[in-house]
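One-based numbering, in listed order, for ligands and for the atoms of each.
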Amino acid sequence: MSAALKIDQFNLLDDESCEARIRAAKRLLGPRLAILGHHYQRDEVFRHADFTGDSLKLSQLAAGSGAEHIVFCGVHFMAEVADIVTGGSRNVILPDLAAGCSMADMANLVKVRKCWNEISQVLDPDEKVTPVTYINSAADLKAFCGEHGGIVCTSSNARGILEWSFARREKVLFFPDQHLGRNTGHRMGIPLSQMVLWDFTKPMGGLSAEEIRQARIILWKGFCSVHQMFHPAHIEKFRREVPAGKVISHPENAFEVCEHSDYVGSTEYILRTVRAAEPGSHWLVGTELNLVNRLRDEMKPRGVTVQFMSPLVCMCSTMFRTDPQHLAWTLDNLVAGHVVNRIRVPEAVAAPARLALQRMLDLAD
Ligand code: 13P
Ligand code: SF4
């Protein structure tokens, strides 16, 4: 068999040549291939996806996929999830291995174990605290949750997951996104004073024993670098300019942004809601630019105006790593019989992570 094709050759190709190669490879691979695309992918990649969705939908699609090769146009944790839920029985491929998630990197197993040990100086966490990890996290953190009676959540099921968690233990340790945890807890009626912030750079998270005892949710001090660019001032300006306009935001936004919004939900929820909007309506959308631009173009002929929340360009730079060159390189290699950039989670980690993911997927049914 010939050697695997090198990415360097593909980096020299223009987008049009890659487009033609991608289409040709898809025809040759047929049903052996499924390309999954997250809503934040750039257009030149997104248009090739066989299935698109938010994190929950994509994990369900991966779990149900019969394809031999799953090419994940998203970020690293999503490909890990696809490998875990398919039990390593598929070739799950991430076209560019540098497509990570800066929020996911804000928590790691060493820091979370340290947090768990420190909490155990105040109370028994395995009795009193359910660890809940946002799906935007490394596989070993999902495994930690699996091993400690915990669960995974996404932006579209966080409330149901917190209800599941509180039915088992009185407190939740929520990582890595403080905002999704706080926004969800608040909508469930948990006072802000009972949601404390665990600063992983400080001993005991910077909290007193009393603060830990009083807390319902211990929030990890992580955040999304894209959504932190949106501010209440952007919404106030919009409301002055378009008093009848509607504001819709992703729950990775800060508490104040979500409180000023009319609707809050996952990327799939945002698309569903705006697509159902009345002609003549005007929407301010607080999530990643590629999704918003596509939605703006889609809705324009239907008389619905879609506006990006920030005056700045807020793109997810790691989602943007997946370009037509990497996708073409990946697919041409598959055609030539080479699996490049396969994401494989070792079974010792995958098994407990699968437990935490399965608890989530069972609830979604
Ligand atoms: P959802 O698409 O699940 O809403 O998540 C957004 C996101 O940040 C993915 O990393
Ligand atoms: Fe991570 Fe934020 Fe990018 Fe989503 S948008 S992948 S949370 S950095």
- Query: Would you call the rings of F230 and F308 parallel, tilted or perpendicular, where under 30° means parallel and over 60° means perpendicular?
  - Reply: perpendicular

- Message: Within the 4.5 Å heavy-atom criterion, are M315 and V226 side-chain neighbours or not?
- Response: no

- Message: Can you confirm whether R342 is buried at CZ, in the sense that more than 12 heavy atoms of other residues, nucleotides or ligands lie under 6.0 Å from that atom?
- Response: yes

- Message: Given L271, T267, L291, identify the one with the heavy atom nearest to atom 2 (O) of ligand 1.
- Response: T267

- atom 2 (Fe) of ligand 2 to C224: any N/O/S contact under 2.8 Å? yes

- Using non-hydrogen atoms of the residue, decide whether M78 is closer than 4.0 angstrom to ligand 1. yes

- Of all the heavy atoms in E288, does at least one lie under 4.0 Å from an atom in ligand 1? no

- Item | N136 to ligand 1, any heavy atom closer than 4.0 Å | yes

- Query: Closest non-hydrogen protein atom to atom 1 (Fe) of ligand 2, residue and atom name please, with distance?
  - Reply: C101 SG, 2.3 Å

- Message: Against ligand 1, does Y40 come closer than 4.0 Å with any heavy atom?
- Response: yes

- Please work out whether any backbone atom (N, CA, C, O) or any side-chain heavy atom from C-beta onward of E252 is under 4.0 Å from ligand 2, and answer side chain, backbone, both or neither. side chain

- Verify the neighbour count for atom NZ of K221: are there more than 12 heavy atoms of other residues, nucleotides or ligands below 6.0 Å? no

- For atom 8 (S) of ligand 2, the closest protein heavy atom turns out to be S102 OG, 3.6 Å

- Counting only heavy atoms not in E210, do more than 12 fall under 6.0 Å of its CD? yes

- Any idea which atoms of ligand 2 are less than 4.0 Å away from a heavy-atom of Y40? 5 (S)

- State yes or no: are the ring centers of H250 and H227 separated by less than 6.0 Å? yes

- For N136, atoms of ligand 2 separated by under 4.0 Å from a heavy atom: 4 (Fe), 7 (S)

- What do the steps show when you test E118 against K114 for salt bridge (Lys or Arg N to Asp or Glu O under 4.0 Å), and what is the final call? CA-CA 6 Å; E118 289 180 342; K114 181 169 173 282; 3.4 Å; yes

- Task: Answer yes when K237 and E241 have at least one side-chain N-carboxylate O distance shorter than 4.0 Å, and no when they do not.
- Result: yes

- Task: If you have a sec, work out which protein heavy atom is nearest atom 3 (Fe) of ligand 2 and how many Å separate them, to one decimal?
- Result: C316 SG, 2.4 Å

- Item | N or O contact, H227 vs ligand 1, cut-off under 3.5 Å | no

- Message: Looking only at protein heavy atoms, which one is nearest to atom 6 (C) of ligand 1, and what is the separation?
- Response: H250 NE2, 3.4 Å

- Message: Under 4.0 Å from a heavy atom of H38: which atoms of ligand 1 are those, numbered in the order shown and with their elements?
- Response: 1 (P), 2 (O), 5 (O), 6 (C), 9 (C)

- Atoms in ligand 1 with a heavy atom of S266 nearer than 4.0 Å: 4 (O)

- Least distance between heavy atoms, R169 atom then P125 atom: NH1-O, 3.7 Å

- What residue and atom, counting heavy atoms only, is the protein's closest point to atom 8 (O) of ligand 1, and at what distance? E252 OE2, 2.9 Å

- Task: Anything under 30° is parallel, anything over 60° is perpendicular, the rest tilted; go ahead and classify H326 against W329.
- Result: perpendicular

